[in-house]
Amino acid sequence: LERSDKKAYEEAQKRLKMAEEDRKAMVPELRKKSRREYLAKREREKLEDLEAELADEEVLFGDVELSRHERRELKYKRRVRDLAREYRAAGEQEKLEATNRYHMPKETRGQPARAVDIVEEESGAPGEEQRRWEEAQLGAASLKFGARDAAAQEAKYQLVLEEDETIEFVRAAQLQGDEEPSGPPLSAQAQQKESIQAVRRSLPVFPFREELLTAIANHQVLIIEGETGSGKTTQIPQYLFEEGYTKKGMKIACTQPRRVAAMSVAARVAREMGVKLGNEVGYSIRFEDCTSERTVLRYMTDGMLLREFLSEPDLASYSVVMVDEAHERTLHTDILFGLIKDVARFRPELKVLVASATLDTARFSAFFDDAPVFRIPGRRFPVDIFYTKAPEADYLEACVVSVLQIHVTQPPGDILVFLTGQEEIEAACEMLQDRCRRLGSKIRELLVLPIYANLPSDMQARIFQPTPPGARKVVVATNIAETSLTIEGIIYVLDPGFCKQKSYNPRTGMESLTVTPCSKASANQRAGRAGRVAAGKCFRLYTAWAYQHELEETTVPEIQRTSLGNVVLLLKSLGIHDLMHFDFLDPPPYETLLLALEQLYALGALNHLGELTTSGRKMAELPVDPMLSKMILASEKYSCSEEILTVAAMLSVNNSIFYRPKDKVVHADNARVNFFLPGGDHLVLLNVYTQWAESGYSSQWCYENFVQFRSMRRARDVREQLEGLLERVEVGLTSCQGDYVRVRKAITSGYFYHTARLTRSGYRTVKQQQTVFIHPNSSLFEQQPRWLLYHELVLTTKEFMRQVLEIESSWLLEVAPHYYKAKE
Ligand code: ADP
Ligand code: MG
């Protein structure tokens, strides 16, 4: 070797050595396959370094003969690099899909207390304030999981779970209970054996039956406050029925903020009364009416009762209206308050009940002219609250790990996990089942049961079935299980601290659904679910510091963070013109109201005086968003109502049309692409539905094409309902005969507000100039047309437009000349 080469060679050797050390540090990490660990470690920088180094070496050693050992070195490093690339690609894909995460100060896990002292001196380290606060709160003690019997349990679970697969929790607080934590809980089986009537008598509300009925008789408006599970929803309407409030054809309405709750509670009450669901007891939710002439107890969503005002402005056929889950403060519940208060004034015989978990009752009372509050004493066992020692980077992964941890280390009792939505719940259930399968007989049986709004009702019913002996049940739920549903046997609650929340920017008119931290009130409701049958434990996947400093006290009422187009249209058609002075419990922001008026004006629903137009009246008849109603009305002009109805129906079951089983991703993606039609996603939806209809609505067809049968079935229901309403809004049934431009124009007539345009720096919304992106699932993702409209914006990692359609700018002038002007 030449001298200079020799020197270079030595240099390279040194670097190789360093690279080797890097590799040593890196490889075990890569092997662990743990995304949480890996992504957290700035893999990008490392990979780039490694790449640069390899490139250097390749130049250096271009024509130097390497020893076998060195060659192997180099080969190994290349493998590490390729592996790292693969992981990064996988990570990025997932990041794209991942929801917007909640960032909390970073902190190293499991740092010993001594180290903390030292760090404290060098102030300013991230997470240091948090650490200090937590130290103060917790004292030096940091109990590992379950405290007392921890040591014994520890040894056992170490055998099953690897150490890096566990999460350390600290106990920090206790939710007080009214009951002593003694005595074994009544097992689910034992409860099942008791007759249904005995169960009814055992509910906390039962001893107060007479008192409650007297209070209702004596007062027109009564606020009822009681812990979740005390029997408000299922019992009170029955008491009223037994007391004769449904004589002479009168009905009792009980509203629920959620569809699932309305369905499930009605089913339960029908069973308790021994009647068929849909006869004396029924439910009514949007696009699904399970009631008949005979139905006197009507469970319904708050939105449905709101629509009842359209046909019966004084609710004349109702003797009692119970606004349940009032503390949820949904938009519809809030509007109901104002309307019902008004009706109650001129219908003195109407009874109004406002039922709520133990929150906010004073406010409701004040709103209803100081109506009396009836408190049903709670029955709750204490709940120990545990926090993680450090923030978790990936709460889904952390959830799965914690469930297994609880399963392996904790005494019997079912687990309730709170996640934010269907996708997340399905992912978590899949991960859990997968791991249980791998652990096999090393662990006891774990029944994994999901519950969310779109779950078919037979699946929903499974969460209420008693857990078989020896097994443990884990229910993975949305907020639905926070207060609306009570599942017996829950002892452990796992709370990642997030919920899906709508937010609205009245300046831009953008509505988005994001995963946000839940409120303290929510967190405490969730924890309370653990203390129903015995003393329980709640594991929060965030730190005590985060609870104290980063969670809001209560959730902002929906009316203050949503668009009001729908509600304003409804109120206008009820003859309520002066919206600024409507009796709101909490008024919406002034700008939001104005924008709603402006949008309705643009859609032609209101005239320049703010009065309802004929077209506006028709739009209010359809139980869908104003933009969607406008689209349906416009299909008359473009003679394509058949197609538009299908598009409308498919849009309302949005996002759950295709499925993608893990083992057949490629097949599923191919199947999806086969449905693509030029023009965009709305036409793809139309195409799927049409082909399905041609197959005779076959489930086999769905299976072969990776389409979700139950979503399609629901779309068919919705379509039928909408078709039934067409006559009311004077739209005839016509087909475009394959002329899709007409369909696209009709869609544009409704959605000209939601348009985006390709600029040099990507897509921008036309009106607000906001940067937006086509969702990677869209059929137009790779085409990037110049003009498009979108059905909705979803904020995950970016503002994504979901369901996009290519349009021509000239159409905007055609469908909304008052809104768009041609550039001179
Ligand atoms: P609240 O409205 O006060 O929260 P509910 O009336 O919903 O209480 O529930 C009372 C009790 O009825 C619950 O504790 C539970 O035991 C039982 N229950 C309610 N729904 C069901 C169901 N679908 N299946 C079995 N039991 C149920
Ligand atoms: Mg209830």
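Indexing begins at 1, ligand by ligand and atom by atom, following the structure's order. Sequence positions, counted from 1, serve as the residue numbers for this chain.
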Is it the side chain (CB and beyond), the backbone, both or neither of R268 that lies under 4.0 Å from ligand 1, heavy atoms counted?
side chain
So for G226, does at least one of its heavy atoms come nearer than 4.0 angstrom to any atom of ligand 1?
no
Counting from 1, what ligand 1 atoms have a heavy atom of E227 closer than 4.0 Å?
3 (O)
Examine ligand 1 and decide if any of its atoms is less than 4.0 Å from a heavy atom belonging to E325.
no
Electrostatic pair E272-R200, nearest N-O below 4.0 angstrom
yes
Would a distance-only check, ignoring hydrogens and angles, find a side-chain to backbone donor-acceptor pair under 3.5 Å from R472 to R444?
no
Examine distances only and state if a side-chain atom of Q721 and a backbone atom of F287 form a donor-acceptor pair shorter than 3.5 Å.
yes
For T228, the ligand 1 atoms with a heavy-atom partner under 4.0 Å come out as 4 (O)
Which of the atoms of ligand 1 are close to S230, meaning less than 4.0 Å from one of its heavy atoms?
1 (P), 3 (O), 8 (O)
Can you check side-chain hydrogen bond (donor to acceptor under 3.5 Å, both in side chains) on E325 and T483, steps first, answer last?
CA-CA 8 Å; E325 306 288 339; T483 57; 2.7 Å; yes
Would you please test F337 and F364 for ring-ring contact (aromatic ring centres under 6.0 Å, His included) and show each step?
CA-CA 9 Å; F337 284 146; F364 299 135; 5.4 Å; yes
Ignoring hydrogens, just give me the one of T233, V199, V533, T486 whose non-hydrogen atom is nearest atom 2 (O) of ligand 1.
T233
For ligand 1, note which part of E488 has a heavy atom under 4.0 Å away: side chain, backbone, both or neither.
side chain
Which residues and atoms, protein N, O or S only, are under 2.8 Å from the Mg ion (ligand 2)?
T233 OG1
Counting heavy atoms only, name the option from S264, G231, A267 that's nearest to atom 10 (C) of ligand 1.
G231
So, K502 and E558, do they make that salt bridge, N to O below 4.0 Å?
yes
Pair F169 and Y387, ring centroids less than 6.0 Å apart
no
Set of residues satisfying salt bridge (charged side-chain N to carboxylate O under 4.0 Å, His left out) with respect to E308, sequence neighbours excluded
none
Can you check whether F464 has an N/O within less than 3.5 Å of an N/O in ligand 1?
no
Output for pair (S356 OG, R329 CZ), nearest 0.5 Å, gives 10.0 Å
Would you call E312-K251 a salt bridge at under 4.0 Å N-O?
no
Out of all atoms in ligand 1, which are within 4.0 Å of some heavy atom of T234? Include the element for each.
5 (P), 6 (O), 9 (O), 10 (C)
Centre of F367's six-membered ring, under 6.0 Å away, within 45 degrees of the axis: is that where NZ or CZ of K341 sits?
yes
Quick one: do D717 and R714 make a salt bridge, cutoff under 4.0 Å?
no
Any N or O on G229 sitting closer than 3.5 Å to an N or O of ligand 1?
yes
Could you tell me whether R347 and E349 have a side-chain N and a carboxylate O separated by less than 4.0 Å?
yes
Heavy-atom distances under 4.0 Å are what count here, so tell me which part of L203 touches ligand 1: side chain, backbone, both or neither.
side chain
Against heavy atoms of K232, which atoms of ligand 1 measure under 4.0 Å?
1 (P), 2 (O), 3 (O), 4 (O), 6 (O), 8 (O)
